[in-house]
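Because the structure is a prediction, the values reported are computed rather than measured. Just so you know, residue 1 is the first one in the sequence shown, and it goes up from there.
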Amino acid sequence: MNDTQPLTEIDRDDRSVISRDRFQSKISANPIEVAIADWQTIKQRDPAARNWVEILFCYPGFQAICCYRLCHWLYRLGVPFLPRIIASLTRFFTGIEIHPGAIIGKGVFIDHGTGVVIGETAIIGDGVVIYQGVTLGGTGKETGKRHPTLGDHVLVGAGAKILGNIQIGDRTNIGAGSVVLRDIPSDCTVVGIPGRVIRNGSRTIDPTQNLEYLPDLEAEVISKLFDRIKSLEQQVRDLDERLHPTSEGELKTAHLQDRTENDKEIEDFLYGAGI
């Protein structure tokens with residue numbers, strides 16, 4: 001994970017201005033061009049999308065984005081109450097909550113979408129893919145710009161939580177179930193709780209790739225520690241045998257006792273026995 005220092009209030013204000021300046025073109029983009037880009041993204045990335053009728057009537061993510069565009073336009077005009085009530089009705093029918101104040105680029109695909117929450121000051125770049133259960137929220141300790149900024153072509157796996165006024169770089173993958181609380185550079189893959197960078201570097205993003213096969217960092221670290229402990233135990237046994245030689249029968253008994261119940265439980269956890 002990158003060594004990000006806590007932001008001061010001045011840093012947060014500067015970040016908010018920089019984010020909104022960068023994404024200003026997304027606010028004033030041609031609505032027809034944006035709608036076409038949203039539709040084309042679904043057509044390209046979801047093999048189940050066979051025609052425009054299915055996308056229009058059967059994709060709650062597309063419906064929620066379309067309603068958001070209307071709400072955001074009214075919100076920018078300063079219309080009171082109406083944008084929020086439309087957003088609430090959209091959440092009721094689609095299961096997707098998008099605050100009218102959020103800034104969302106074109107070609108954004110919310111796949112399935114149930115349980116997705118996007119906060120008021122969140123900013124989402126072009127070509128972003130968001131799966132069900134994702135939260136782009138705040139920590140409850142910030143004011144002003146308190147929600148995350150996602151760069152272009154970011155992919156956020158199911159159930160991931162990205163919290164606070166943080167920056168997610170372009171072409172970054174957030175693994176399913178991850179909790180991200182710090183800035184992430186571009187071209188990274190992040191998994192775990194809290195989110196950790198497991199891959200950093202330029203690469204081509206496959207929009208159809210399945211994030212369920214991302215590594216389990218905790219299990220990998222525990223496995224390495226477990227192997228290290230067994231290696232140290234073996235060294236201790238070798239030294240003990242040199243100092244206190246045992247009979248052949250005792251050696252066999254000691255060998256059988258090596259695989260204790262605790263070892264078996266650890267290995268079951270690491271290698272998913274019974275799944």
Please check if the side chain of [X] supplies one atom and the backbone of [Y] the other of a donor-acceptor pair under 3.5 Å.
| X | Y | result |
| --- | --- | --- |
| Gln63 | Phe57 | yes |
| Thr121 | Lys145 | no |
| Arg69 | Ile104 | yes |
| His147 | Leu136 | no |
| Thr94 | Ile96 | yes |
| Thr172 | Ile168 | no |
| Asp170 | Asp152 | yes |
| Ser178 | Ile174 | no |
| Lys161 | Gly137 | no |
| Ser231 | Asp227 | no |

Would a hydrophobic clustering, with Ile, Leu, Val, Met, Phe, Trp and Tyr connected at side-chain separations under 4.5 Å, put [X] with [Y]?
| X | Y | answer |
| --- | --- | --- |
| Leu77 | Phe81 | yes |
| Leu232 | Val236 | no |
| Leu70 | Val79 | yes |

Minimal non-hydrogen separation, [X] against [Y], with atom names:
| X | Y | answer |
| --- | --- | --- |
| Asp183 | Gln167 | OD1-N, 3.0 Å |
| Val156 | Ala160 | CG1-CB, 3.7 Å |
| Leu82 | Ile85 | O-CG2, 3.0 Å |
| Ile118 | Ala122 | CG2-CB, 3.8 Å |
| Val180 | Arg182 | CG1-O, 3.5 Å |
| Pro60 | His112 | CG-O, 3.3 Å |

Hey, can you tell me if His99 and Tyr75 have their rings parallel, tilted or perpendicular (30° and 60° cut-offs)? perpendicular
Derivation and outcome, side chain to side chain contact (heavy atoms under 4.5 Å, CB included), residues Tyr59 and Ile42: CA-CA 9 Å; Tyr59 279 71; Ile42 297 174; 3.8 Å; yes
Taking side chain as C-beta onward, heavy atoms only, is [X] less than 4.5 Å from [Y]?
| X | Y | value |
| --- | --- | --- |
| Cys71 | Ile86 | yes |
| Val197 | Thr189 | no |
| Val116 | Ile130 | yes |
| Ile65 | Ile98 | yes |

[X] [atom1] to [Y] [atom2] distance, which is reported to the nearest 0.5 Å:
| X | Y | atom1 | atom2 | result |
| --- | --- | --- | --- | --- |
| Leu163 | Arg146 | CG | CZ | 13.0 Å |
| Gln234 | Leu239 | CD | CG | 10.0 Å |
| Phe62 | Asp111 | CZ | CG | 14.0 Å |

Between Ile123 and Leu150, does a side chain to side chain contact (heavy atoms under 4.5 Å, CB included) hold up when you go through it step by step? CA-CA 6 Å; Ile123 299 176; Leu150 275 57; over 6 Å; no
Run the salt-bridge test on Lys106 and Asp126 with the 4.0 Å N-O cut-off and return the result as yes or no. no
Step by step, work out the side chain to side chain contact (heavy atoms under 4.5 Å, CB included) result for Tyr131 and Leu155. CA-CA 8 Å; Tyr131 289 96; Leu155 191 150; 3.9 Å; yes
